[in-house]
Amino acid sequence: MEWIFFLAFGLVAAVAAVAMVLQRSPIYSALYLILALFAQAGLYILLGAELIAAVHIIVYAGAIMVLFLFVIMLLDLGRTDRSPARVKPVGVIVGTVLAGLLLAELAVGVGPQIVLGPRGAYDPEVLRTVGNTRAVGRILFREYLIPFELTSLILLTAMVGAMVLAKRKVE
Amino acid sequence: MMMEFLLATVLKIALVMGLVLLAVAYLTWLERKVIGDMQVRFGPSRVGPFGLLQPIADAIKLMFKEDIIPAHADRVIFLLAPALTLVPALIIFAVIPFGPSFVITDVNIGLLYVFAVASLGVYGIVLAGWASNSKYALLGGLRSSAQMVSYELSLALSVIGVVMWTGSLSLVEIVEGQAGSWYGIVPRWNIFPQFFGFLIFLVSSNAELNRAPFDLAEAETELVAGYHTEYSSMKFALFFMAEYANMIAAGALAATLFLGGWQGPFLPPVIWFLLKVFAFIFLFVWLRATLPRFRYDQLMRFGWKVLLPAALANVMVTAALLA
């Protein structure tokens with residue numbers, strides 16, 4: 001049962017990701033990216049990480065991608081022609097070689113772990129008893145409290161910085 | 001075992017969806033009747049007794065109307081947008097508990113699921129506005145997406161207090177946490193400890209629904225009809241249905257989070273739940289009949305400078321009380 005869902009979500013994610021790159025219209029690219037994000041959230045759910053899946057959708061699909069679409073529409077970038085991108089043969093060759101190299105590096109560097117991965121303390125059985133949100137909260141606020149607070153500080157600084165940069169001077 | 005589970009789930013989904021869609025149809029009748037009464041008119045009265053067959057007549061009319069797609073519209077997205085608006089509105093009901101054991105699925109992150117799904121409603125609107133290739137539709141779509149993104153923040157923050165109070169994100173557990181009463185008379189509903197959260201939730205959910213006084217997206221006096229200007233026949237009806245389905249969902253969520261869901265004495269739980277939802281729906285209709293529309297800058301200022309700080313303060317005060 002799980003297998004079918006895994007294959008379906010994985011396939012949709014991969015196809016949508018490729019389609020996103022191949023689209024010429026930014027709007028369609030954005031829509032394919034959203035589809036890929038959804039399929040990825042499905043994979044998280046299969047792994048027993050419902051909290052991550054929900055947060056993933058809320059933050060990326062619900063907020064960031066809406067802003068992307070917003071900007072695309074405000075700048076009116078959407079109406080380029082929708083014929084598939086013309087690719088030069090040189091580009092295809094260079095791209096294939098680079099992708100192959102990357103894959104080989106991954107295979108050598110990570111080995112069979114790339115499929116299986118090491119098993120952590122919080123496998124689906126443990127999560128079922130502790131509860132997803134509780135587990136994440138506990139780890140964040142006990143083991144990783146200082147990195148967590150530092151991250152939020154960096155985010156706050158970035159936000160203030162963005163506001164200062166974006167704010168035009170009013171005479 | 002597997003078959004039984006599947007069958008029971010499918011039956012539950014069919015029942016809930018049937019109920020919601022029927023309620024959507026008759027909400028149009030209710031809204032026209034109530035607003036008619038408030039404006040000293042009759043409202044629909046010709047089709048059937050008390051105009052009760054009006055929604056059916058409307059549905060038949062909408063199905064047989066000519067379906068127009070504007071000449072330079074983006075056909076794929078133009079067709080996709082109404083569905084993208086209606087589907088999130090309907091799948092919210094998957095986690096809403098209608099009674100003690102009547103919920104389609106009890107997800108342990110139920111509330112986050114609701115917000116994840118609700119945040120997708122924007123796409124239908126913004127894409128409809130863009131794909132129509134019309135100035136009015138685009139302006140309406142951009143306006144409403146800006147509005148929905150702004151008010152989503154205070155909406156999500158307003159319920160954090162409830163989550164902290166209950167200690168759970170599961171809607172079933174939130175309802176169960178509101179069982180019993182204080183001093184034997186006051187029910188243990190979250191509305192009492194979380195009254196400010198409740199007010200913020202009510203205002204921002206009304207804004208999320210794009211309903212008066214927050215219906216800037218379809219301000220007919222300036223934007224023709226907003227994002228669905230170019231839509232006709234059943235595709236237009238889908239937007240309409242989405243608005244009403246969202247209204248029911250907002251009412252159901254408010255009842256679940258703040259009014260104890262299906263909890264209540266004497267009457268069966270499902271009846272209690274439906275009564276509470278109905279009260280909220282009536283309130284939304286009432287607000288529409290009473291209040292004039294905001295100006296756009298007022299709307300944005302209110303959302304960011306009043307509601308959001310108030311919601312943040314509510315979270316802080318709740319945390320201080322619980323600590």
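Quick note on labels: first sequence line is chain A, next is B, and so on, each numbered from 1.
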Side chain from CB out, backbone as N, CA, C, O: work out which of these in [X] comes under 4.5 Å of a heavy atom of chain A, or both, or neither.
X        : answer
B:Tyr123 : side chain
B:Leu112 : both
B:Ile109 : side chain
B:Val126 : both
B:Ala156 : neither

Among B:Leu80, B:Val107, B:Leu142, B:Leu120, which has the most heavy-atom pairs under 4.5 Å with chain A? B:Leu142
How many angstroms lie between CD1 in A:Ile57 and OH in B:Tyr113, if you round to the nearest 0.5 Å? 10.5 Å
One should read off an interatomic distance between A:Leu31 CG and B:Leu84 CG, to the nearest 0.5 angstrom, of 8.0 Å
Closest contact, heavy atoms only, A:Ala54 versus B:Ala116: O-CB, 4.2 Å
Are more than 12 heavy atoms, taken from residues, nucleotides or ligands other than [X], located less than 6.0 Å from that residue's [atom1] atom?
X        : atom1 : value
A:Tyr60  : OH    : no
A:Ile146 : CD1   : no
A:Phe9   : CZ    : yes

Do any side-chain atoms of residues 164-176 of chain B form donor-acceptor pairs under 3.5 angstrom with protein atoms, and if so which ones, sequence neighbours left out?
| residue | atom | partner | partner atom | Å |
| --- | --- | --- | --- | --- |
| B:Thr166 | OG1 | B:Val162 | O | 2.8 |
| B:Ser168 | OG | B:Ser170 | N | 3.0 |
| B:Ser168 | OG | B:Glu173 | OE1 | 2.9 |
| B:Ser170 | OG | B:Asp106 | OD1 | 2.9 |
| B:Ser170 | OG | B:Val172 | N | 3.3 |
| B:Ser170 | OG | B:Glu173 | N | 3.2 |

I'd like a table of donor-acceptor pairs (distance under 3.5 Å, sequence neighbours excluded) in which one partner is a side-chain atom from residues 63-71 of chain A, with atom names and distances.
none

